[in-house]
Amino acid sequence: MRPGNLLLAAVFLLVPALRVSYAMALPAVAACGVFSFTVTTPQQHLIMGYAPAGTQPMVASLNQSALYLAVSLSGAAGGIVLDAAGAVLLAPLAAVFVVVAVGLTWWYGRMDARGWAPAVRRR
């Protein structure tokens, strides 16, 4: 588990308090950008490590497609929350999704360490 994920969740939780001024919001937006990119590259590297030899390009493409789908769905979910409850809940909802992803990553890592993960193994 990477600390960038939890730091991203922390930034999302702080956004409502930091949006009162541009000077306070700008560092939060910059930190969000930095911590967001600490997730995708290590994730793709890990997934490619599980891929059978010769399939890494296809696995990377599928991973990116799943990422684009997730970004699209997050925009739709954000629009629904925005219509239903207003902008104040968007950042906490994003933090919840990040914490769930961290939990799933941790859980899968424990399954893999115990040999309970799917049969695909790292090369």
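What you see is a predicted model, and the numbers here were worked out from it, not measured in a lab. FYI, side chains are in, hydrogens and waters are out, and symmetry mates aren't considered; it's all heavy atoms of this structure.
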N/O donor-acceptor pairs under 3.5 Å from side chains in residues 70-80, not counting sequence neighbours:
residue: S72; atom: OG; partner: Y68; partner atom: O; Å: 3.1
residue: S74; atom: OG; partner: A70; partner atom: O; Å: 3.4
residue: S74; atom: OG; partner: V71; partner atom: O; Å: 2.7

Would you give me the side-chain donor-acceptor pairs under 3.5 Å for residues 19-33, sequence neighbours excluded?
residue: S21; atom: OG; partner: M24; partner atom: N; Å: 3.2

Return all side-chain donor-acceptor pairs below 3.5 angstrom for residues 57-66, not counting sequence neighbours, or 'none' if the list is empty.
residue: S61; atom: OG; partner: P57; partner atom: O; Å: 3.0
residue: N63; atom: ND2; partner: Q44; partner atom: OE1; Å: 3.4
residue: S65; atom: OG; partner: S61; partner atom: O; Å: 3.0

Under 3.5 Å, which donor-acceptor pairs link side chains of residues 6-16 to any protein atom two or more places apart or in another chain?
none

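- Y50 OH to I47 CD1: the interatomic distance, rounded to the nearest 0.5 Å, is 10.0 Å.
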Donor-acceptor contacts under 3.5 Å from residues 85-102 side chains, at least two apart:
none

